[in-house]
Every structure is written in C-alpha cells, then in structure tokens.
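Whatever order the structure lists them in is the order used to number ligands and atoms, beginning at 1.
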Amino acid sequence: MTAQNSGTPDYLQDVQHVARCLLDHPGPIVVLAHENPDGDALGSVLGLTRALRSLGKTVVAALDVPRYLTFLPQPGELIDNLEQWPADALLAVLDVDNNDFPRVAGADVTGFSGPVVNIDHHGTNTRKATAGVVDPTKPAAAMMVADVVDALGVAWTEDIATPLMLGMLTDTGNFTFDSVTPDTFLTAARLRGYGARMGWLTDNLRQHSRSYYLLLREVLGTLEFRHDGQVILARVDQAMLERASASWEDVESYVSLLRSAEGSRLAVMIKDYGERVKFSLRSRGGLSAQNIAVALGGGGHVPAAGATVNEPYAVARPLLDQAIAAELDRVPQTIPA
Ligand code: 5GP
Ligand code: MN
C-alpha cells in the first residue's frame, strides 16, 4: 500500500521531493524535532533515523528523551544535543516549523546554512524549507514520515513502524480525536502490518512514576473553574515539584485530565517557571485554543495549542484571562435547544 492523497494538493509530490533530497544528499543528515518532545516528535525522529540508517546514511539524531518515553530508543541511537555541526550536513526538522527557532531543539539551528527538510503538521507553519511536507490535515507528523519512508524505498521493519505508531497514538489520543480521518487508520493499518508493537507501546505509555501522583495531588489543589465551568485551569510551580520530588515532565499529561471536566470547553495547564509562564491549552465546543495561544505569542492547533509569556505569573495571568475572554466572546456557548 502506498501513501494516500490528502488535504494538500501537492502532498504526494512534496513527499517525493523530500525523499529525493534525503536520498541525494551525500553528507550526514541531522534529525531534530521540537523542544519538550512528545511521542510524535520522538516517534518521527526515531522512525526516520532508523529508515535512513538502514539505507547506509550517516544520521545524527538529537533529542532529549523525556523519562516516560525512554523505553523506546536503543542505547546510542540518539544524542541529547548536537554541540558541533558535522561538515556538509542536511538538516531534517520534524513535527515543528524549521523556522520556529526557539522551538526547534537538539542543536543551535540559527547559524545553519545547509539544505533543510521539514516534515510538520502545524497550521502555523511558514513553509520555508528546501523541501517540505507540511499538511495540517494529518493528525500526526509520524504519518507523513511513514509516507516519506515509503518514498525512500526502505524495507519496512517493526523497529521503523513501532516509533511511527507511537507518534500516531500520542497525537490522536489513541485514535479518539476528531482529527482522525480514514487516511489515519489506513496509515495505522500499514504500520501495524509492518509489525508495529501496539500492546508493548500502550503498556509502557500507561505507566506513571510515583512523583507523577504526588505532584498531581499538589496541582489539584490549585484547580479553578471559571466562566460557569466552561474554563478549567490548574497551575504548577517549582516549589510543588520539589515537594513531590517531581520534574516538569511529570506535568505533561495533566492537561488531558483537566480537559475531561464535564461542561468545560477550555482546559489550561499553567506552568509557572518563575520568570516566565507556559500555558498549555486544550479546547472543544467551537473554541479555538490556537486563537488564545496566538494572542499570547504562541501557536499550535485549533484543539491543542500553547504559548510562553516571558513575564512572571502575576503579569502573565491577566493576559491569559483577557485572551480567554476574547475567545469566549467570539464563540459564546450555544444553549442546547
Ligand atoms: P503543549 O500544550 O502540549 O505543549 O502543546 C500543544 C500544541 O501546541 C503542540 O502541537 C505544540 O507543538 C504547540 N505549541 C505549544 N507551545 C507552543 C508555542 O509556544 N508556539 C507554537 N508555535 N506552538 C506551540
Ligand atoms: Mn505532532
């Protein structure tokens, strides 16, 4: 089975172009993703890296793997950070806009002047790479990587299919989000056919550390319900982390607990780093988390977006409240008939 056509008219051509750039490049290929990497970032990086290495390509993949995903990479497959650029490198940036410099992680890309390949599904992508596959109708970047792997002519193995399945699972909420299309299942079927280890992935993903639960107890103490329960918020700061012996990684999945609140249209997890504040936003019911994130200088997707405000909480919070109020004004709650 081959790649499905999709929402972007030139999708298959773009996939071919990206594969051609990767195949024709004689030098090393550096593979990076976004800061604070998630399953789609790691899965996309590992899938592409393993595929390219199977073709004999020299690949340097830099990604600081969060603890809950350390079960996936093999020792020595990834480095945390690229200190020195190899000569004649091609840069492949996955699951983030290659021009979104503060968000591209694993290396300092600001001075890089070689060819750049970008595979991303963020609606805010500026599409300025040497070759790119950017399709916001794809719920996971890993799906597009799967199509590129096909175009590379790589012999599929379960070691390539499994990380790409991880990317699909994470970014689709285990195939439960509205972003899931028939195409999504077709790609998942292909990966499963190539041996992607579903049960092993989900069993590993469902485990939480003790610090996760201890920190959750702290964070639930900050819960707020606003706008008649349409908006649910919680906050975490360094002191809470210390009391729970937790790390910022433990916070990642809390926003999805919040978004399950009955009657809520917006969930906000506030990460208070002291000098700056990161908002993780999830929306439903016609609201756009993306609009709120963009108003705060961030971005993302309509149902899931984020923004960092470089101000202390006391300054950043009113900005958030203002952006939320504007979005609620734009799409008032519809009263059921
Ligand atoms: P999260 O809340 O899980 O960090 O991010 C949710 C979504 O919004 C992800 O797709 C992520 O890539 C995007 N996102 C989060 N923070 C930012 C940001 O500061 N800028 C942009 N452009 N996107 C963001
Ligand atoms: Mn993604």
Side-chain angles (χ1 to χ4, degrees), residues 32-48 63 66 68-69 93-105 118-128 133-146 163-175 177 179-180 184 187 232-236 248-259 266-273 276-284 287-311 316 319-320 323:
L32 304 176
H34 57 80
E35 52 144 21
N36 199 8
D38 55 12
D40 193 27
L42 173 65
S44 297
V45 166
L46 269 184
L48 185 66
L63 187 139
Y68 74 98
L69 294 174
V93 176
L94 312 183
D95 198 26
V96 59
D97 184 342
N98 58 290
N99 283 296
D100 197 347
F101 292 146
R103 297 202 70 238
V104 178
N118 191 202
I119 304 175
D120 184 28
H121 63 136
H122 289 91
T124 42
N125 192 294
T126 56
R127 295 177 166 80
K128 286 189 201 127
V133 188
V134 178
D135 185 352
T137 71
K138 300 281 188 193
M143 281 179 69
M144 294 180 276
V145 174
L164 296 177
M165 184 67 94
L166 167 73
M168 295 197 67
L169 284 169
T170 354
D171 268 24
T172 63
N174 300 329
F175 303 105
F177 295 164
S179 59
V180 171
T184 313
T187 304
I232 177 170
L233 311 97
R235 190 178 66 86
V236 59
W248 287 106
E249 280 171 30
D250 290 306
V251 181
E252 281 317 300
S253 57
Y254 292 168
V255 71
S256 39
L257 296 177
L258 300 183
R259 76 194 292 283
L266 179 72
V268 188
M269 188 63 223
I270 305 169
K271 294 188 221 167
D272 179 353
Y273 292 97
R276 70 191 154 92
V277 179
K278 159 86 195 260
F279 300 116
S280 275
L281 303 148
R282 302 291 183 269
S283 65
R284 71 157 81 81
L287 285 190
S288 167
Q290 188 182 53
N291 282 350
I292 299 167
V294 167
L296 295 165
H301 314 277
V302 169
T308 296
V309 175
N310 288 312
E311 299 284 355
L319 300 176
L320 170 72

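- Protein neighbours of ligand 1 below 4.0 Å, counting non-hydrogen atoms: Asp100, Arg103, His122, Lys278, Ser280, Arg282, Gly298, Gly299, Gly300, His301, Ala304, Ala305, Gly306, Ala307.
- Here the CZ atom belonging to Phe279 is positioned 11.0 Å from the CZ atom belonging to Arg235, to the nearest 0.5 angstrom.
- When the side-chain hydrogen bond (donor to acceptor under 3.5 Å, both in side chains) test is applied to Thr184, the partners found at least two apart in sequence or on another chain are Thr181.
- A side-chain donor-acceptor contact under 3.5 Å links Asp97 to the backbone of Thr126.
- Looking at heavy atoms from C-beta onward, Val268 lies out of side-chain contact with Ile292 at the 4.5 angstrom threshold.
- For Asp120, every N, O or S atom stays at 2.8 Å or more from the Mn ion (ligand 2).
- The Mn ion (ligand 2) is closest to atom OD2 of Asp171 (considering only N, O or S atoms).
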Per-pair distances, 0.1 Å, donor-acceptor, side chain in residues 37-44, under 3.5 Å, sequence neighbours excluded:
unit_1	atom_1	unit_2	atom_2	d
Asp38	OD1	His34	NE2	3.3
Asp38	OD1	Asp40	N	3.3
Asp38	OD1	Ala41	N	2.9
Asp40	OD1	Ser44	OG	3.4
Asp40	OD1	Ala141	N	3.3
Asp40	OD1	Ala142	N	2.9
Asp40	OD2	His121	NE2	3.4
Asp40	OD2	Ala141	N	2.8
Ser44	OG	Asp40	O	2.7
Ser44	OG	Ala142	N	3.2

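- With sequence neighbours excluded, no residue forms a ring pair (Phe, Tyr, Trp, His ring centres under 6.0 Å) with Tyr68.
- The main-chain N or O of Leu258 is never found under 3.5 Å from a side-chain atom of Arg282 such that the two would form a donor-acceptor pair.
- At a cut-off of 2.8 Å, Asp38 is not counted among the residues with an N, O or S atom near the Mn ion (ligand 2).
- Contact of the Leu287 side chain with the Leu281 side chain is not registered, since no non-hydrogen atoms from C-beta on lie closer than 4.5 Å.
- Restricting Asp40 to its N, O or S atoms, the one at the least distance from the Mn ion (ligand 2) is OD2.
- At a cut-off of 2.8 Å, His122 does not coordinate the Mn ion (ligand 2) through any N, O or S atom.
- Residues Asp95 and Asp120 are in side-chain contact: their nearest non-hydrogen atoms beyond the backbone lie under 4.5 Å apart.
- Its N, O or S atom nearest to the Mn ion (ligand 2) is what matters here, and for Asp95 that atom is OD1.
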